Amino acid sequence: MPADRAAGPDPAADRGTVLPAAVWRGLVADHETQIGQRTDAHAARRLAGQKHPVEDFLFTYYPFKTGQLKKWNPGAGIRLELETDEDRAYVDRRWYRTTGNLTEVDLESWSTDRGDGARFIASLLASTLDREANFGCFGLHEWAMVYRMSEDERRHQQVPLRLSPAETDAVVERHRIQCSHHDAFRFFTAAARPRNTLQPTREGMVGAEQPGCLHAGMDLYKWAMKIGPIAPSALVVDCFDLALDIRTLDMEASPYDLRGWGYGVVAIETAAGKAEYMERQQDFSHRAQALRRRLLAALAAAEVHPV
């Protein structure tokens, strides 16, 4: 994780503000530096044809290119002063409206194009925010994804399992699996799916998502990107950072042995491992809830509310 985290309030949080050109250019430069710290290693690995079992997830599972992430947005209701042709070129993109020497997000055209999806996101965030968190899953979704699977079928071929295949299967069989997240459940092996106490569906996401779920926390990055340029870029970076931190626990608690990659082990098959997993999961849930509130505030500034 880069040392320079995007922390504190969004830099353009005062709705209706006009940001002078010199100010927002500085925010753009800072944002591009932060994104470089978070993405340059991935770009170098991709050029070298190398894979990373933890960090690549944010660039392969989520459909957003580094260039999209690097584009700075102030958020809804913030106007930017334009002084030069370069200023105008930077905001010459979809969903921006320029009048004279000021530009801002064009809420009318954005709402026309993205309103239905944004209302779904608002409803999902609000319902998750108000629901009680479940901290008893212990990351067994990753174990269910390799249950009774041959070595040739497994993801992350370059990473060994911590336990033998038989011992890995036994961990699944000894536990009650209660995954509530559809996009994790859909990767369960056929043999593991009936073992889940829930059968989550995409259509049932608003009614099933809960704030203790690691994948629900990681997905805040997805929702922040999908409502862009409504979400201020500082908020997007905070969501990205949470997703990467959660992904680290997700894989350290998985059946894969990542010690060769510099990661630790959270042995959820033991009492100590379960305690560590739950403690870290609770911390992530608190961070995720704060980000949900900020995302909902960004949507409200664009007059998008849960349905």
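Worth saying up front: this structure is predicted, and the values here are computed from it rather than measured. Just so it is clear, the values below take in all heavy atoms, side chains as well, and ignore hydrogens, waters and symmetry mates.
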Check this for me: [X], atom [atom1], are more than 12 non-hydrogen atoms of other residues, nucleotides or ligands nearer than 6.0 Å?
X    : atom1 : answer
E279 : CD    : no
E303 : CD    : no
R162 : CZ    : yes
K71  : NZ    : yes

State whether the side chain of [X] and the backbone N or O of [Y] hold a donor-acceptor pair below 3.5 Å, judged by distance alone.
X    : Y    : value
E142 : G139 : no
E81  : A21  : yes
S285 : P211 : yes
H181 : Q210 : no
R119 : V304 : no
Y90  : W72  : yes
S111 : E108 : no
R114 : K226 : yes
Q178 : G136 : yes
D257 : P160 : no

Less than 4.5 Å apart, any side-chain heavy atom of [X] and any of [Y]?
X    : Y    : value
L125 : L299 : yes
T39  : L58  : no
Y96  : V105 : yes
W261 : V54  : no
H42  : H52  : no
P53  : L258 : yes
F57  : L244 : no
P74  : L80  : yes

[X] and [Y]: which non-hydrogen atoms are nearest, and at how many Å?
X    : Y    : value
L295 : C239 : CD1-SG, 4.3 Å
N196 : C179 : OD1-N, 2.8 Å
R292 : L220 : CG-CD2, 3.8 Å
L107 : A301 : CD1-O, 4.1 Å
T103 : R97  : OG1-O, 3.0 Å
P194 : A191 : CD-O, 3.6 Å

Inset, instruction - Check the side chains of E173 and Y147 for a donor-acceptor pair under 3.5 angstrom, ignoring hydrogens and angles. - result: yes
Legend entry - Short side-chain donor-acceptor distance under 3.5 Å, D56 and Y61: no
With the threshold set at 4.0 Å, does a side-chain nitrogen-carboxylate oxygen contact exist between [X] and [Y]?
X    : Y    : result
D241 : R38  : yes
D85  : R88  : no
R202 : D183 : yes
R25  : E32  : no
D283 : R280 : no

Legend entry - Sole residue of F59, W223, Y221, F240 in ring-ring contact (aromatic ring centres under 6.0 Å, His included) with F64: Y221
Inset, instruction - Supply the atom-to-atom distance L296 CG to I121 CD1, rounded to the nearest 0.5 angstrom. - result: 10.5 Å
Inset, instruction - Look up atom CG in N73 and atom CG in L27, then write down how far apart they are to the nearest 0.5 Å. - result: 12.0 Å
Inset, instruction - Can you tell me which residue pairs pass the ring-ring contact (aromatic ring centres under 6.0 Å, His included) test with a partner in residues 119-145, sequence neighbours excluded? - result: H141-H215
Inset, instruction - Just do the salt bridge (charged side-chain N to carboxylate O under 4.0 Å, His left out) check on E55 and R46 with the steps written out, would you? - result: CA-CA 12 Å; E55 295 180 8; R46 190 171 66 172; over 6 Å; no
